[in-house]
Amino acid sequence: MSVRVRFAPSPTGFLHVGGLRTALYNYLFAKHFGGKCILRIEDTDRNRFVENAADNLITVLRWAGIEFDESPEKGGAFGPYIQSERLELYNKLAALLISNNKAYYAFDTAEEIDEMRAKQAKDGGDTKYLRNIGRNSFTLGVSATDELIQSGAQYVIRLNVPENEEISFKDIIRGDVTVRTSDIDDQVLLKSDGFPTYHLANVVDDYEMGITHVIRGEEWLPSTPKHVLLYRAFGWEMPQFAHLPLLLNKDKTKLSKRQGSVAVEDFISAGYFREALINFVGLLGFNPSADKEIYSMEELIEGFSLEKVNKGGAVFDLQKLDWFQGYYLRTYSNTELAELLEVTLKSLGMNSRTQEYLEKIIILFKERVTFIKEIPEKASYMFAKPAEFEQDYFAKHWKENTIELILPLVNIYKETNEFTHTALHDLTKNFVENAGLKLKELIHPLRLMITGRSTGAGMFETMEVLGRQECLARIEYFIKMKEKENL
RNA sequence: GGUCCCAUCGACUAAUGGUUAGGUCACCAGCCUUUCACGCUGGUAAUAGGGGUUCAAAUCCCCUUGGGAUCACCA
C-alpha cells in the first residue's frame, strides 16, 4: 500500500515553527516513499476560527517548499479537505457509534460538569466525567433520552470507554505505549453545536482519507488511546502512529510565543531564506548522517527515516539557524542578492542605486553579513557620506603628522589614470615603501576619512566602488573639518 | 496531583553491545590579513546517578533523580 500522510492544522492563526516541522516531516516521509502528502484543515472549533488563516498556511508552506498532493485548494479524490464541510459524515458516524452502544448521549450543562469535576478535584482524585452521575442515556434511560432529544434539548455524544482494559498501540518512534481505560475520560465526540471534536474528526478523516501514517506532535500522545478506542469501535484498521518530539524553548518548555518569535511569517519577514529555515528545522529531530549539516530539501527527503527521529525534545536555538542563514546567503548569486537589497532599500524608504552598483556592494558585503537587511546599516557609507566618525578609531589611527604624510598620496590618487583596487593598491604600496612607512599606517586614516568607521570591506575595493570623485571629496571634506578643529 | 513520554558536550546531533564517544553551532586560541568578516588549523566541553544482565553497556533491564507533555463541548 502506498504511503499517505497528512498535515492537519487548525486555522487559528499563524503557522508555528513547530507546525512547520511537523508539516516538513510528513512531507519528507511521503516523498521519501513516493507517497502522497495531504493538507486537511481542522476547523471544527468555531470560536477560534480565524479568517484567511488557512490560505495563509498554504502560502507559508509553499514558501518553505512544501507542496501538497491533495488539499482544499487543489482538491483530490478524498475531499472535501475542510472538516466543516464534512459535518454530515461525522454526525452519521457518531449515530452509528450510538447504535452500537460505543457512545452515548449526554445532556449535562457546562456548569454541571464544572461542578462534577470540581468536586472530584477537592477530594484529590481524577477529574473525569462520571457516567453514572451525569445526565445521560445511562442514568436517564432510553425513553427519557429520546424524549429529551425530541424536545430539542442540547446534547453531546460521548465515547463509551470500556471499564477495565489495557489499550496498547505501537508508536514508530517510541515503541509500545500502554494505558489503562480507567485513566481515560468519556471524551466528547460530537459537540452540542453539531460539530465533532478533534478526536472524532481526525479518526474519521484519517480513515476515510486512507491515511497510512499519522505523524504529529508529541502533545497528541496522551490522547492517542482514545483514538485507538475509536478505531476499534468502528472496526477500522488503524494507521501507524509516529509522535514527533517537541520543539522547546531555552528553558525546555514547549516552544511558545512568550519566549520569542515562533511564527514562520516572522522568520520570513526577518529575512531568513527558506533553505536555511528548512535545513535548520529539518535537523531538529534527526540527522541523516554523522558529519554533514548542509542538506537541501532533496537530500532531506533522501535521508529521512522515522526510525531515526529522536525521542527527546529539541531546543530551538537561533544561533545555529543564523549560521545556516549566513551560509546560504553566501550561496546566492550577486545578482539575486542585489535584487533583494533593492527591495530592502525600498522598504526602508532609501534611494536605490543601479543594479550594477548594488551588485558591487553585495560583492563587498556578502561575507560580512547574515541578512541582507544588515547592509543598509553596515554599509551606510556606500550610500551616503559618513555622518560621523568613530572616535576610538580616530584617536587610534590619526597622528600629528598624518595629514602631511597622506597629502602627497592623495595627489597621486588625483592623477592616476586607473582608479581600480589593484592600481590603488600598487600605487599606495609603492608610495608607502618609498616613504619608509607601513601600509596600515595610511590605510587606517584613509578608511577613517572615507568611511568614518573601523570596519568594512577591503579599503581599495571600497574606494574603487565609491569612485575617485567621491573618495577625493570625502577626503577633502574630512581635512577641512579637521583644520576647523571640528573633529 | 493522576497518566504518559523523555534523558549523549551550553545547543543540534552521530555512534542501533566492542569507537581514544564523532560532527556542527556557540565559545577560546592560532593562521590568513588592511580593519571587520569569510576561510583554514587547533582547543575546552557530554553518555544524569545507582544497581543489575554480559567477556564487553551511551546502547538491554530495574530503581532514583531530573525534565516535558497531557488531563475541555481547543486542536
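Order of the sequence lines fixes the chain letters, A, B, ..., with proteins taken first and strands second; residue numbering starts at 1 for each chain. All values below come from the heavy atoms of this structure, side chains included, with hydrogens, waters and symmetry mates left out. The model shown is predicted, which means the values in this text are computed figures rather than measured ones.
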How would you label the contact of A:Arg174 with the nucleic acid (heavy atoms, under 4.0 Å): base, sugar-phosphate, or nothing?
sugar-phosphate
Given the side-chain rings of A:Phe460 and A:His425, with only the six-membered ring counted for Trp, is the space between their centroids under 6.0 Å?
yes
Rounded to the nearest Å, what distance is computed from the CG atom of residue A:Asp322 to the P atom of nucleotide B:rC38?
13 Å
Indicate whether any N or O donor in one side chain lies under 3.5 Å from an N or O acceptor in the other, for A:Ser137 and A:Thr145.
no
Scan every strand shown for a Watson-Crick or G-U wobble partner of B:rU34, both distances under 3.5 Å, and answer none if you come up empty.
none
With both distances kept under 3.5 Å, what pairs with B:rC60, Watson-Crick or G-U wobble?
B:rG52
Classify the nucleic acid contact of A:Asn249 as base, sugar-phosphate or nothing, counting any heavy atom under 4.0 Å across all strands shown.
nothing
Backbone N or O of A:Thr12 within a donor-acceptor pair of the A:Ser10 side chain at under 3.5 Å?
no
Distance check needed: B:rC71 P versus A:Tyr198 OH, whole Å only.
12 Å
Taking only the C1' atom of each, what is the distance from B:rG66 to B:rG30 in whole angstrom?
40 Å
Considering only the C1' atoms, how many Å lie between B:rA48 and B:rU65, rounded to the nearest integer?
8 Å
Atom CG of A:Leu189 and atom C1' of B:rA75: how far apart are they, to the nearest Å?
15 Å
Looking for any heavy atom pair under 4.0 Å, which part of the strands does A:Thr224 touch: base, sugar-phosphate only, or nothing?
nothing
Classify A:Val315 by what it touches in the nucleic acid, base, sugar-phosphate, or nothing, heavy-atom distance under 4.0 Å.
sugar-phosphate
A:Tyr231/A:His227 aromatic ring centres below 6.0 Å:
no
Indicate yes or no for a side-chain donor-acceptor contact from A:Asn310 to the backbone of A:Gly312 under 3.5 Å, with no hydrogens or angles considered.
no
Atom CD1 of A:Ile167 and atom C1' of B:rC5: how far apart are they, to the nearest Å?
18 Å
Would you please test A:Glu112 and A:Arg135 for salt bridge (charged side-chain N to carboxylate O under 4.0 Å, His left out) and show each step?
CA-CA 9 Å; A:Glu112 287 169 336; A:Arg135 293 196 297 130; 3.4 Å; yes
Residues of residues 11-19 of chain A with any non-hydrogen atom less than 4.0 angstrom from an atom of RNA chain B: list those, numerically ordered, please.
none
Is there a side-chain contact between A:Leu306 and A:Phe29, using heavy atoms and a 4.5 Å cut-off?
yes
Are any protein N/O atoms closer than 3.5 Å to N/O atoms in nucleotides 32-36 of chain B? If there are, list each pair with its distance.
unit_1 : atom_1 : unit_2   : atom_2 : d
B:rU34 : O2     : A:Arg447 : NH2    : 3.2
B:rU34 : N3     : A:Met459 : N      : 3.3
B:rU35 : O2'    : A:Ser454 : O      : 2.7
B:rU35 : O2     : A:Ser454 : O      : 3.0
B:rU35 : O2     : A:Gly456 : N      : 2.9
B:rU35 : O2     : A:Gly456 : O      : 3.4
B:rU35 : N3     : A:Arg447 : NH2    : 3.2
B:rU35 : N3     : A:Gly456 : O      : 2.5
B:rU35 : O4     : A:Gly456 : O      : 3.3
B:rU35 : O4     : A:Ala457 : O      : 3.4
B:rU35 : O4     : A:Gly458 : N      : 3.2
B:rC36 : O2     : A:Arg368 : NH1    : 2.9
B:rC36 : O2     : A:Gly456 : O      : 3.3
B:rC36 : N3     : A:Arg368 : NH1    : 2.4

Any side-chain to backbone donor/acceptor pair from A:His16 onto A:Gly18? Under 3.5 Å, distance only.
yes
In whole Å, I'd like the distance from the CG atom of A:Asp185 to the P atom of B:rG2.
17 Å
Across all strands shown, which nucleotide pairs with B:rU19 by Watson-Crick or G-U wobble geometry, both distances under 3.5 Å?
none
Under 4.0 Å protein heavy-atom contacts per nucleotide of nucleotides 15-30 of chain B, with B for base, S for backbone only and - for none
-------BBBSS----
Measure the distance from CG on A:Asp205 to P on B:rA75 and round it to the nearest whole Å.
13 Å
Just checking A:Gly285: base, sugar-phosphate only, or nothing, at a heavy-atom cut-off of under 4.0 Å?
sugar-phosphate
For B:rU3 and A:Lys226 - does any side-chain N or O of the residue sit under 4.0 Å from the phosphate oxygens OP1/OP2?
no
Roughly how many Å apart are B:rC27 and B:rA11, using the C1' atom of each and rounding to a whole number?
12 Å
Does OP1 or OP2 of B:rA14 have a side-chain N or O of A:Asn310 closer than 4.0 Å?
yes
Among A:Lys128, A:Arg117, A:Arg131, A:Arg158, exactly one meets salt bridge (Lys or Arg N to Asp or Glu O under 4.0 Å) together with A:Asp185. Which residue is that?
A:Arg117
Is the side chain of A:Arg21 donor-acceptor paired with the backbone N or O of A:Leu284 at a distance under 3.5 Å, no angle test?
yes
Compute the centroid of each ring, for A:Phe389 and then for A:Phe478, and state whether the two points are separated by less than 6.0 Å.
yes
On a whole-Å scale, what distance lies between the C1' atoms belonging to B:rU59 and B:rU19?
13 Å
Sort and list the pairs that fulfil salt bridge (Lys or Arg N to Asp or Glu O under 4.0 Å) and have at least one residue in residues 241-264 of chain A, not counting sequence neighbours.
none
Measure from the ring center of A:Phe267 to the ring center of A:Phe316 and say whether it is less than 6.0 Å.
yes
When both hydrogen-bonding distances must be under 3.5 Å and the geometry is Watson-Crick or G-U wobble, what is B:rU65 paired with, if anything?
B:rA7
So, for A:Tyr198 and A:Trp220, is the gap between ring centers shorter than 6.0 Å?
yes
Taking the P atom of each, how far is B:rU47 from B:rG10, in whole Å?
8 Å
Which of the following nucleotides, B:rC12, B:rC74, B:rC73, is nearest to the side chain of A:Asp45?
B:rC74
A:Leu277 CG to B:rC12 P, straight-line distance once rounded to whole Å
17 Å
By the side chain to side chain donor-acceptor pair (under 3.5 Å) test, which pairs, at least two apart or in different chains, include something from residues 272-283 of chain A?
A:Tyr272-A:Asp322, A:Glu275-A:Tyr332, A:Asn279-A:Tyr328
Does any donor-acceptor pair link the side chain of A:Ser192 with the base of B:rC73 at a separation under 3.5 Å?
yes
Can we call the ring centroids of A:Tyr25 and A:Phe286 under 6.0 Å apart?
yes
What does A:Arg180 touch in the nucleic acid at a heavy-atom separation under 4.0 angstrom: a base, only the sugar-phosphate, or nothing?
nothing
When both distances are under 3.5 Å in a Watson-Crick or G-U wobble arrangement, the nucleotide paired with B:rU41 is B:rA29
Is the distance from the ring center of A:Tyr105 to that of A:Tyr155 below 6.0 Å?
yes
Residue whose closest nucleotide on RNA chain B lies nearer the 5' end, A:Lys311 versus A:Val188
A:Lys311
Can you measure A:Lys366 atom NZ to B:rG39 atom C1' for me and round it to whole angstrom units?
14 Å
May I ask which nucleotide in the shown strands pairs with B:rC71, Watson-Crick or G-U wobble, both distances under 3.5 Å?
B:rG1
Using Watson-Crick or G-U wobble geometry with both distances under 3.5 Å, which nucleotide pairs with B:rA14?
none
Mind listing the N/O atom pairs, protein and nucleotides 64-70 of chain B, below 3.5 Å?
unit_1 : atom_1 : unit_2   : atom_2 : d
B:rA69 : OP1    : A:Lys254 : N      : 3.1
B:rU70 : OP1    : A:Lys254 : NZ     : 2.8

